[in-house]
Every structure is written in C-alpha cells, then in structure tokens.
2 protein chains.
Amino acid sequence: MPRKKTVEPDITTEEKIKEAARKVFMQKGYAGTRTRDIAEEAGLNLALLNYYFRSKEKLFEIVMMEKVQKLFGVLAPILNDTSTTLEKKIELAATNHIGMLMENPDLPLFVMSEIRNNPERFAGKIQAVKLIQESHFVKQLKEKRPDINPLHFVISLLGMVLFPFIAKPVLQEAGSLSAKGFQSMMEERKALIPFWMKALLKTR
Amino acid sequence: MPRKKTVEPDITTEEKIKEAARKVFMQKGYAGTRTRDIAEEAGLNLALLNYYFRSKEKLFEIVMMEKVQKLFGVLAPILNDTSTTLEKKIELAATNHIGMLMENPDLPLFVMSEIRNNPERFAGKIQAVKLIQESHFVKQLKEKRPDINPLHFVISLLGMVLFPFIAKPVLQEAGSLSAKGFQSMMEERKALIPFWMKALLKTR
DNA sequence: AAAGTTTTTAATCAAATGATTAAAAATAAG
DNA sequence: CTTATTTTTAATCATTTGATTAAAAACTTT
C-alpha cells in the first residue's frame, strides 16, 4: 500500500480555492465578490489566493471559462452527431441540457450577465452563432424545412430550455413556486419541449 | 408669457442624476457601479447624489423598481383584457413586448441578474407567478386546452420573446450577429412567435 | 538531522469607494 | 437690498478591498 504523506489533503489547496471561487462568483457575480469572501469560503488565508492565482481577475477567468464550457459543451456533440435524426437531436438536446441545468441552475444567468457586464473580456472567445450555423443540426433542418430560418428555430429551442432557469429567481420570488415545484416542472419539460418543437416542424 | 426663473433648467438636477443612474446601473449592474460613475455621467458633483437620494442603495431601488415595472408592465393589461381572444392576446403580447424590448434590449438580463444577486432586497415585491396564474389569459387557455399546463405555455411564450434579448451579448460576440441582423430578426419574431404559439394550441 | 524548498500566515499598503461636512453660490422671501 | 433658504462644491473621512511582504510553518531532499 502506498504510504500517504503526513496529513495528505485529498483535495489540494489550489482546488479548494477554485471550488470556493466557483461558489462565490456564481452567487454574487464578479463585481459583487470580494476576494476575502472566497478565502473565507475556502477556510484559507487571503494571501493564498494571490499566491496561487496572482489576482482576482485571473481566478475569475478560469472559473468563467469552465462555466461557459459547461453551459454550451453539452450541446455541440449532440447537434453535430451525423448519425442521429433531427428529431432525435431535439430530444437529446432538451433532455441532456435540462438534466445538466437542473444540477447547475444558475449557470445560464451567471454566464450571460458576466458577458454582458464586461463584453471586452470575452471578445472573440465565444462563437455561439457560428457554432449553430455550421452544425449538422442546421444542415438537417434546412433540408427538411428550407422555409424556416434555422436561427429562429434554435433560439426558440434554447429559449424554451434556458429561460425557465434564467427566470427562476423571479418565479420563486414570494414563494410563488417552490423549489420542488420548479424541479418537477423542469422534469416535465424534458418531454414537453421536444413534443412542441416537433409540432413546429410540422407547421405549414 | 410666464417668466422663467433665471437659468431655468428644463431638466431638474434630481432627474439628471436618475437618468445617469439608469444608464450606468443598466450597463454595469449594482455592484459594478461606482457612485462616482453616476456623478460623472450626470456631469455633477458626487455629493449631490447623496443630497437627493441619501445613498447608492436608495437610488438603485428607485431605478430598479422602474425597470421591473417596465419589463412586466406591458404584459399585465394585455393578458387581463377580458374583451380579446386567446389568440389576440398572444399576438399582442409578442408584438408589444418585443417592440418595447427592442428599445430596451438590456432590460430582461438586468432585472433577472439583479434579483438573482440580491433576492432578499426584492422579497415579496414581485409576484410573477401569481400574476400569471390569475390572469384572464390563463382562464381562457384552461378552457380551450385543459390538458396544457398554463405555466408551461406562458414560460415558453416568454422564453421565445425574452431569451433572444438575454442571449444578445453572446449572440453578438465575435461579430457573429450584427446589431442590424439582430434587429431584423426580432422584427420577424413579432409575427413568427404568435404563429408558432398558435400552432402549439392545435397540437393533440 | 540539516539544509533547502514550498506553502501558509499575520500584518500592512495603497487605492478605491460610499458618505459626510462646512463653506460657497444661487435662488427665494421679506 | 437684505436676510433666509436651497442647492452646489471642494475637501475630507472612514471603510473596504485587492494585493504585497516578510516571517513562520510544513514539507522534501540529501
């Protein structure tokens, strides 16, 4: 059995800081986060943050890129799978994306608003439209329904999937919608959204 | 002719500050805004902000409430008009809401993320779900399609309308979509969304 | 174990930031 | 015109905040 170092931390200090940073940045946004919040959340000395990551900004950029990747990373392989039908892609996109978002419900609002607050920082680093336009999904859609603007269709699909998560803070205001209620609603939408989007494909 | 005071400002100082505050808060969010930014934007001394509004927070609350009202204020009268059909309500909601949002494209993302960053501040002050549930629109929908969960339908409608504005910063990243392109897309959606939402009403 | 290296800590800095104050300027009232 | 009131300004405070530093502690290598 390989001997452990004295008090081997199964989680490294660097990772502890990142983990805390993820939590606090997601909760308060970049501008609303103080480096001291992160240090406290991680249970570590403030100076360690700068020792490992040089600055608040550098640390944020790492977290942010992770989050962008997480938010859109699920979709790319689904929309570009050349072996599945258009309908299947819609099903998978809805189900998998909602599944991931139920575990990371703040992801969309966080990413959108941070890009919004500081567009320069991400200039050129994200190519959502190009990614959509050149996808196999759009190719299939153009063949089946050349009269439908693919961008409209994809944005509507994404809107149906993402919007409830973005509106969650408003929906849950005043206890109008419980956490449980929200969850079961999103579970229903996994099937409902594909059903509705397929119905739109049949419109004439 | 009523004599003007010497150097009567057609816009009051108080309003100048509010105007500047609207602009800067919308651009950078509450946490990212410095009171000095607002003073500078208004071309006024920093102390005037506190003279007229007591604090950054108080000023923000005024601006924020205006924005919430603007974001949802258009919808309530449309959804509760007892003299229009379900279909007409969908048309009006889409057209009017998109029209207003084209002139205030950052509104949805601003409101959502500020509520998200500080839910306590708005506890009980917004009742979106209740407003929806008790609307005449939902009553009509329940009659026509008792099998459809009204919340799903409304959220989908709102998603189709609001999401493009929320995703705008991402869509316009890397110049993938020009400002002009975005505008004409939203103009198209004024007709497309009602068309699609009505199609969903016919699904069986 | 001794020497060297890496990690962690407490203390401190400098700049930024929300707010206040006391005086000046502008306006209104007598 | 003089006095009172309101508005505006410059200067300054007290905190907060991102970052640094120098020393201590923990760990590695020899």
Side-chain angles (χ1 to χ4, degrees), chain A residues 1-65 114 117-118 120-121, chain B residues 1-65 114 117-118 120-121:
Chain A
M1 195 170 95
R3 199 180 58 79
K4 287 213 169 185
K5 292 178 220 157
T6 38
V7 198
E8 161 86 27
D10 39 7
I11 186 173
T12 173
T13 301
E14 198 175 330
E15 189 52 42
K16 262 190 218 160
I17 296 173
K18 262 205 244 177
E19 195 54 49
R22 286 185 196 104
K23 182 170 172 183
V24 181
F25 277 138
M26 286 280 279
Q27 210 161 86
K28 313 201 182 187
Y30 176 78
T33 295
R34 292 163 301 154
T35 51
R36 280 164 175 81
D37 295 337
I38 298 175
E40 194 183 355
E41 175 69 35
L44 295 169
N45 188 291
L46 168 70
L48 285 174
L49 193 150
N50 295 286
Y51 178 72
Y52 281 104
F53 298 95
R54 295 192 51 85
S55 74
K56 177 187 179 185
E57 181 131 8
K58 289 256 190 358
L59 175 55
F60 176 75
E61 245 149 54
I62 291 170
V63 171
M64 182 68 181
M65 283 310 151
E114 291 303 330
N117 286 345
N118 201 341
E120 314 85 46
R121 183 184 279 149
Chain B
M1 195 170 94
R3 198 180 59 80
K4 286 213 170 185
K5 291 178 221 157
T6 39
V7 199
E8 160 89 25
D10 40 6
I11 186 173
T12 172
T13 302
E14 197 173 331
E15 189 52 42
K16 262 191 219 160
I17 295 174
K18 261 205 245 180
E19 195 53 48
R22 286 186 195 104
K23 182 171 172 183
V24 181
F25 277 139
M26 286 281 279
Q27 210 161 86
K28 313 199 182 192
Y30 177 78
T33 294
R34 291 163 301 155
T35 51
R36 281 163 175 82
D37 296 337
I38 297 175
E40 194 184 356
E41 174 69 35
L44 296 168
N45 188 290
L46 170 69
L48 285 175
L49 193 151
N50 295 287
Y51 178 73
Y52 282 103
F53 298 95
R54 295 192 52 84
S55 72
K56 177 188 178 184
E57 180 131 7
K58 289 256 188 2
L59 176 54
F60 177 75
E61 245 149 55
I62 292 170
V63 171
M64 181 68 182
M65 282 310 151
E114 290 304 331
N117 286 345
N118 201 341
E120 314 84 47
R121 182 184 279 148

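Atom CG of Leu48(B) and atom P of dA10(D) are 10 Å apart (whole Å). Rounded to an integer number of Å, the gap from CG of Asn45(B) to P of dA23(C) is 17 Å. For the pair Asn50(B) CG and dT21(C) P, the interatomic distance rounds to 11 Å; values are reported in whole Å. Atoms CD (Glu40(B)) and P (dT9(D)) sit 14 Å apart, rounded to a whole Å. What separates OH of Tyr51(B) from P of dT21(C) is a distance of 15 Å, to the nearest Å. Atom pair Glu14(A):CD and dT8(C):C1' shows a separation of 15 Å (rounding to whole Å applied). Here the P atom of nucleotide dA19(D) and the NZ atom of Lys58(A) are 9 Å apart, to the nearest Å. Look at NZ on Lys56(A): it is 15 Å from P on dT20(D), rounded to the nearest Å.
The Arg36(B) side chain lies nearest to dT12(D) when the options are dT12(D), dT20(C), dA10(C).
Contact check, Thr35(A) against dT17(D): no side-chain N or O comes under 4.0 Å of OP1 or OP2. Considering only side-chain N and O atoms, Tyr52(B) lies under 4.0 angstrom from the phosphate OP1 or OP2 of dT8(D). Checking the phosphate oxygens (OP1, OP2) of dT8(D), a side-chain nitrogen or oxygen of Thr13(B) falls inside 4.0 Å.
For dG18(C), the base has no donor-acceptor partner in the side chain of Arg34(B) [N/O atoms by modelled type, under 3.5 angstrom].
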